[in-house]
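Worksheet for the structure shown next.
Predicted model, so just to flag it, every value in this text is computed and none were measured.
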Amino acid sequence: DEQSLVLILWNRGQEQRLAIAVDPRFQFLYLTRRQPENQAFAFAKFLQHHVKGGDIYRITKPPLERIVTFDIARRDIDGHPLQFQLIVEIMGRFSNIILTQEGGKILDSIRHVTAAQTSFRRIAPGAVYVPPPLPQDKIALTDIRREQFERTLASAAANAPLWKTLVEQIQGVSPLLAKEIAGRPDDSGETRWARLSHLAEAVRTGAYQPTLICDEADAPVTLSALPLTQFSGEPGKKAVAMDSMNAAAERYYEQIAGRG
């Protein structure tokens with residue numbers, strides 16, 4: 001559809017396909033086995049015109065953030081070098097795919113954000129790309145210390161779920177991971193710190209364990225790069241270990257997109 005792409009990549013003679021979606025209902029970026037649709041929508045055609053045949057020479061992502069930048073180089077018909085950046089911003093309903101040229105000038109994007117909508121980040125052809133502001137008042141999951149975590153627990157409002165406080169104050173913690181850390185209402189701070197420490201160490205060392213939580217019909221209902229205990233013993237739910245995050249994401253999002 002208009003809010004998703006499948007890019008055909010060549011790596012040492014091997015074809016790979018990169019699926020990207022910025023649908024308000026679901027967003028993803030993973031290597032897929034799926035063939036791209038024959039129909040190309042406006043932004044896909046625009047992208048083909050500018051970067052087809054180019055070389056991706058660098059891929060960057062800020063730590064614990066979901067903004068991925070592909071630096072692409074190619075030559076025009078006269079042999080002159082051209083530089084582009086394809087920027088994928090995974091930010092819920094504000095997600096976007098943006099193509100810029102050298103100097104940061106936006107050539108086009110899947111979703112336009114006009115000056116009438118915001119004075120800080122205009123996303124439209126001709127504007128200069130400004131990255132989303134990184135969180136300044138959050139503590140990174142991989143850096144948080146025990147005393148900082150204890151202050152976070154102490155700041156939680158008595159009438160609000162603890163997991164919401166964790167999401168608001170710790171960078172890199174999604175609602176799913178926050179619920180994993182928070183656990184049951186009567187869990188101790190020591191238990192919660194142990195859970196957080198385990199997750200943080202896995203992120204620091206790259207010890208990921210792609211996992212799907214499936215229902216009784218084997219349909220995936222939750223996707224995680226880290227093992228989860230919150231579903232243990234829940235009737236009708238089971239954890240399924242996957243060989244790779246790409247395989248886990250493909251199975252999960254094909255199911256979710258099919259429902260949509």
Side-chain angles (χ1 to χ4, degrees), residues 20-30 58-71 85-98 100 104 106 109-115 117-123 127-183 189 192-208 222-226 228 230 245 249:
I20 309 172
V22 292
D23 191 292
R25 300 164 298 168
F26 49 81
Q27 307 85 41
F28 55 69
L29 188 155
Y30 61 84
R58 183 170 55 223
I59 302 174
T60 55
K61 184 184 80 67
L64 302 177
E65 293 298 323
R66 296 182 295 174
I67 303 168
V68 182
T69 300
F70 299 86
D71 287 282
Q85 284 191 325
L86 182 65
I87 304 162
V88 182
E89 298 180 347
I90 303 294
M91 304 187 303
R93 70 181 189 276
F94 301 109
S95 299
N96 212 342
I97 304 174
I98 305 161
T100 71
I106 296 173
S109 60
I110 278 189
R111 184 172 291 109
H112 292 174
V113 181
T114 66
Q117 295 170 289
T118 175
S119 59
F120 173 65
R121 288 190 76 226
R122 189 165 70 92
I123 306 296
V128 175
Y129 175 75
V130 177
L134 295 177
Q136 301 296 321
D137 54 351
K138 289 188 176 185
I139 308 167
L141 170 65
T142 49
D143 296 335
I144 191 168
R145 299 189 302 272
R146 176 68 180 270
E147 59 271 21
Q148 292 173 314
F149 182 66
E150 289 177 349
R151 286 198 295 269
T152 298
L153 294 181
S155 70
N159 59 347
L162 174 60
W163 68 265
K164 289 189 176 181
T165 300
L166 299 179
V167 169
E168 291 168 357
Q169 298 193 27
I170 304 177
Q171 182 191 7
V173 170
S174 65
L176 184 64
L177 287 187
K179 291 174 183 178
E180 180 74 8
I181 296 166
R192 288 167 174 152
W193 172 249
R195 290 197 199 101
L196 182 144
S197 298
H198 177 72
L199 295 173
E201 182 64 16
V203 173
R204 277 193 295 266
T205 61
Y208 298 109
T222 301
L223 166 70
S224 176
L226 299 166
L228 303 173
Q230 61 188 278
M245 200 64 207

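Closest non-hydrogen pair, Pro62 versus Ile67, comes out as CD-O, 3.2 Å. Minimum interatomic distance between Ile110 and Asn96 (heavy atoms only, all atoms of both residues): N-OD1, 3.5 Å. Across all their heavy atoms, Gln27 and Ser95 have their closest contact at CG-OG, 3.2 Å. Contact record, Arg111 with Val22: NH2-O, 3.3 Å, taken as the closest heavy-atom pair. Here the closest heavy-atom approach between residue Val113 and residue Arg122 is recorded as O-CG, 3.2 Å. A pairwise comparison of heavy atoms in Ala202 and Leu226 identifies CB-CD2, 3.6 Å as the closest pair.
Formation of a donor-acceptor pair under 3.5 Å by the Gln148 side chain with backbone atoms of Arg145 is found in this model.
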How far apart are the C-alpha atoms of Phe149 and Leu166, what are their side-chain angles, what is the distance that settles it, and do they pass the side-chain contact (heavy atoms from CB on, under 4.5 Å) test? CA-CA 9 Å; Phe149 182 66; Leu166 299 179; 4.0 Å; yes
Go through the steps for Glu180 and Trp163 under the test side-chain contact (heavy atoms from CB on, under 4.5 Å), then give the verdict. CA-CA 8 Å; Glu180 180 74 8; Trp163 68 265; over 6 Å; no
Carefully, step by step, assess Tyr208 and Val203 under the rule side-chain contact (heavy atoms from CB on, under 4.5 Å). CA-CA 7 Å; Tyr208 298 109; Val203 173; 3.9 Å; yes
Stepwise, does the side-chain contact (heavy atoms from CB on, under 4.5 Å) test hold for Ile97 with Ile87? CA-CA 6 Å; Ile97 304 174; Ile87 304 162; over 6 Å; no
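The distance from the CD1 atom of Ile181 to the OG atom of Ser197 is 9.0 Å, given to the nearest 0.5 Å. Rounding to the nearest 0.5 Å places OG of Ser224 at 6.5 Å from CE of Met245. One finds the CD1 atom of Ile170 at 5.0 Å from the OG1 atom of Thr152 (value rounded to the nearest 0.5 Å). Summarising the geometry, atom CG belonging to Leu199 is positioned 9.5 Å from atom CZ belonging to Arg195; distances are rounded to the nearest 0.5 Å. In this structure, the separation between OG1 on Thr100 and CG on Leu86 is 8.5 Å, given to the nearest 0.5 Å.
When only modelled atom types and interatomic distance are considered, Thr114 and Gln117 share a side-chain donor-acceptor pair under 3.5 Å. A donor-acceptor pair shorter than 3.5 Å can be found between the side chains of Glu65 and Gln171. There is a side-chain donor-acceptor pair under 3.5 Å between Gln85 and Asp71.
Contact annotation: the side chain of Val68 approaches that of Ile59 to within less than 4.5 Å [non-hydrogen atoms, C-beta and beyond]. Using a 4.5 Å cut-off on side-chain heavy atoms (C-beta onward), Thr222 and Leu176 make contact.
Between Glu89 and Arg121 a salt bridge is recorded (basic side-chain N to carboxylate O distance below 4.0 Å). Look at Glu150 and Arg146 and you find a salt bridge, because one of the NZ, NE, NH1 or NH2 atoms lies within 4.0 Å of a carboxylate O, short of that distance.
For Arg93, the side chain to side chain donor-acceptor pair (under 3.5 Å) test picks out no residue, with sequence neighbours left out. Residues satisfying the ring-ring contact (aromatic ring centres under 6.0 Å, His included) criterion with Phe28, sequence neighbours excluded, are Tyr30, Tyr253.
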Please list every donor-acceptor pair under 3.5 Å in which a side-chain atom of residues 130-142 meets a protein atom from a residue at least two apart or in another chain.
unit_1, atom_1, unit_2, atom_2, d
Gln136, NE2, Leu134, O, 3.1
Lys138, NZ, Val167, O, 3.0

